[in-house]
Amino acid sequence: MAWRVHLTNSAIQTLDILPGKTPLLAAWMQRDRAAYFELESGVVVGEHQHKSVSRQSDKWPEFIASLIAPNGAYLPLVRTAAMTFYTTDDGRMRLYRSANDELTLELDAKEIALEFTSKAPLIALGLDRFMGTIAALDGKGKLHLYQQHIRVGTFDMKLTMDDDALPSLAIANGGTGIFISDGRDIVLTDTGGRVKKRQPVHYLVRRLACSPNGQLLATSDAETGVIRVYSGEDLTPSYQRHAIDLLQDAAQLQLIADLPPFSAAPGALAIDDKGHLAFTISGVVCVTALKRMDAIPRPQPLL
């Protein structure tokens, strides 16, 4: 079922699709507050709110233990006033990014500082939640790759990182694909930094998100509000539709709720292996599916 809910009057920061016996959607309204919904039905499951503590505090283990969704999934991304950190599916590994862009990997309670020597600022970061591959994009368009704590290298992705750039990064489980965009091009690379495909686009990419298995890549258009889905293997366009049309097509779960402005662009974005697509426009959350989008015909060779 496609559904929508007006959750807040403010922009929603992040969406996470959380796998489990009952898959959930976590919608982060603030950095320390999220609402949980059943992915299929939109039924409200509960709410999460945390009060962060120092990593040096005796209460830190208790804080970490609280970062689990009602279906047992570890929260993949958590923000506090002092840091942002990513957690693998099994909860054994966490990647910390401090306010001054220091990177620290915690594996089985042991911490290792990662060498990030770029003179350009760190602008996008991703953690493979299965194998622990880390991808970090700097302000010069260079990709820094690590296999857990081991540095793989730095690779120039030849992106245009000017004032109009909208950099974004997504990494699939097992490192099966690393997707990067400067807003104008989408680049698919592997865990060795080898560019497998570069796809110029005719629109401005605002956000991108990939499915855990790397088979699907979703993007949002910053100017027209169109959401597009590509094959994660070769960046072939597969589906597209205006976000506002997907929103109107979804069942409204409240008796009274306003639609967002038609001019508003999609914000947070998430997609899973089955083609469930979640996005936000302003404070509205929508979950839909690929079958509700328009399929893009694949080019066929002339006979």
Side-chain angles (χ1 to χ4, degrees), residues 14 16-17 74-79 83-90 92-98 101-107 112-161 165-199 205-219 230 232-235 268-271:
T14 311
D16 295 316
I17 296 177
Y74 288 92
L75 298 180
L77 174 63
V78 174
R79 293 182 174 93
M83 72 183 76
T84 300
F85 60 93
Y86 304 74
T87 303
T88 51
D89 285 334
D90 61 8
R92 293 180 54 213
M93 182 185 302
R94 277 179 287 276
L95 172 65
Y96 299 100
R97 177 183 180 179
S98 70
D101 284 343
E102 291 180 350
L103 299 178
T104 304
L105 188 69
E106 180 184 342
L107 178 59
I112 305 169
L114 299 185
E115 180 188 6
F116 183 75
T117 57
S118 174
K119 294 181 180 179
L122 173 60
I123 56 174
L125 186 64
L127 172 68
D128 155 23
R129 301 192 67 213
F130 183 66
M131 296 292 292
T133 302
I134 298 165
L137 183 67
D138 71 23
K140 294 293 184 181
K142 293 184 178 181
L143 183 66
H144 305 255
L145 294 175
Y146 308 80
Q147 184 54 52
Q148 297 188 10
H149 64 283
I150 299 172
R151 182 179 179 83
V152 177
T154 300
F155 308 91
D156 189 353
M157 295 290 103
K158 302 189 184 305
L159 300 173
T160 303
M161 307 300 284
L166 291 175
S168 50
L169 181 153
I171 182 168
N173 284 353
T176 51
I178 301 171
F179 305 90
I180 311 161
S181 178
D182 57 5
R184 303 174 184 88
D185 288 352
I186 303 171
V187 178
L188 167 62
T189 183
D190 62 18
T191 54
R194 182 177 66 90
V195 174
K196 299 171 68 175
K197 183 70 181 288
R198 182 181 301 271
Q199 180 67 54
V205 177
R206 183 181 187 189
R207 296 280 184 94
L208 56 77
C210 70
S211 59
N213 63 10
Q215 296 297 302
L216 300 170
L217 177 72
T219 71
Y230 297 78
E233 293 183 346
D234 56 10
L235 300 184
L269 194 63
I271 190 167

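Computed from heavy atoms alone, side chains included, the values below leave out hydrogens, waters and symmetry copies. Residue numbers count from 1 along this sequence.
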Student: Hey, could you give me the CG/NZ distance between L188 and K197, rounded to the nearest 0.5 Å?
Tutor: 8.5 Å
Student: Does some side-chain heavy atom of L77 sit less than 4.5 Å from a side-chain heavy atom of T84?
Tutor: yes
Student: Can a donor-acceptor pair be found, under 3.5 Å and without considering hydrogens, that links the side chain of Q199 to the backbone of D234?
Tutor: no
Student: Checking S181 now: which residues fulfil side-chain hydrogen bond (donor to acceptor under 3.5 Å, both in side chains) with it, not counting sequence neighbours?
Tutor: none
Student: Considering residues at least two apart in sequence or located in another chain, which fulfil the side-chain hydrogen bond (donor to acceptor under 3.5 Å, both in side chains) criterion with T219?
Tutor: Y203
Student: According to salt bridge (Lys or Arg N to Asp or Glu O under 4.0 Å), does anything in residues 146-161 pair up with another residue at least two apart or in another chain? List the pairs.
Tutor: none
Student: Taking I134 as the fixed residue, which of I171, L114, T191 is the one that meets the side-chain contact (heavy atoms from CB on, under 4.5 Å) rule?
Tutor: L114
Student: So F179 and L235, do their side chains get closer than 4.5 Å, heavy atoms only?
Tutor: yes
Student: Please check if the number of heavy atoms outside Q147 that lie under 6.0 Å from its CD is greater than 12.
Tutor: yes
Student: How long is the gap from OH on Y96 to OG1 on T87, to the nearest 0.5 Å?
Tutor: 7.0 Å
Student: Applying salt bridge (Lys or Arg N to Asp or Glu O under 4.0 Å) as the test, list every pair that has at least one member in residues 119-137; sequence neighbours left out.
Tutor: D89-R129
Student: What's the shortest heavy-atom distance between G174 and M131, and which atoms?
Tutor: CA-CG, 3.5 Å
Student: Which atoms form the tightest heavy-atom contact between M161 and P167, and what is the distance?
Tutor: CE-CB, 3.8 Å
Student: What are the two closest heavy atoms between A170 and A209, and how far apart are they?
Tutor: CB-CA, 4.3 Å
Student: Does the side chain to side chain contact (heavy atoms under 4.5 Å, CB included) test come out yes or no for L143 and L169, once each step is laid out?
Tutor: CA-CA 10 Å; L143 183 66; L169 181 153; 3.9 Å; yes
Student: Sequence neighbours excluded, which residues qualify as ring pair (Phe, Tyr, Trp, His ring centres under 6.0 Å) partners of Y146?
Tutor: none
Student: Within the structure provided, determine whether L107 and H149 are in side-chain contact (heavy-atom separation under 4.5 Å).
Tutor: no
Student: Do T104 and M83 come close enough that some side-chain heavy atom pair is under 4.5 Å?
Tutor: no
Student: Measuring from L105:CG to R94:CZ, what's the distance to the nearest 0.5 Å?
Tutor: 10.0 Å
Student: Test your reading of the model: is there a side-chain donor-acceptor pair from R198 to the backbone of M157, 3.5 Å cut-off?
Tutor: yes
Student: At their closest point, which heavy atom of S211 faces which heavy atom of A172, and how far apart are they?
Tutor: O-CB, 4.0 Å
Student: Apply side-chain hydrogen bond (donor to acceptor under 3.5 Å, both in side chains) to D138 and list each qualifying residue two or more places apart in sequence or on a separate chain.
Tutor: S118, H144
Student: State whether the side chain of E102 and the backbone N or O of F116 hold a donor-acceptor pair below 3.5 Å, judged by distance alone.
Tutor: no
Student: Quick one: closest heavy-atom pair of P212 and I271, and the distance?
Tutor: CD-O, 3.8 Å
Student: Decide yes or no for N213 and T176: does some side-chain heavy atom of the first lie under 4.5 Å from some side-chain heavy atom of the second?
Tutor: no
Student: Is any side-chain heavy atom of T133 less than 4.5 Å from a side-chain heavy atom of V152?
Tutor: no
Student: Please report the shortest heavy-atom distance between G192 and L145, naming the atom on each side.
Tutor: C-CD1, 4.1 Å
Student: Quick check for you: to the nearest 0.5 Å, what is the distance between M93 atom CE and Y74 atom OH?
Tutor: 13.5 Å
Student: Step by step, would you call L122 with R97 a side chain to side chain contact (heavy atoms under 4.5 Å, CB included)?
Tutor: CA-CA 10 Å; L122 173 60; R97 177 183 180 179; 3.5 Å; yes
Student: Please indicate whether F130 has more than 12 foreign heavy atoms, meaning atoms of other residues, nucleotides or ligands, lying under 6.0 Å from its CZ.
Tutor: no
Student: Would you indicate whether the side-chain heavy atoms of I180 and T189 approach each other to under 4.5 Å?
Tutor: yes
Student: Going by heavy atoms in the side chains, are L95 and L125 under 4.5 Å from each other?
Tutor: yes
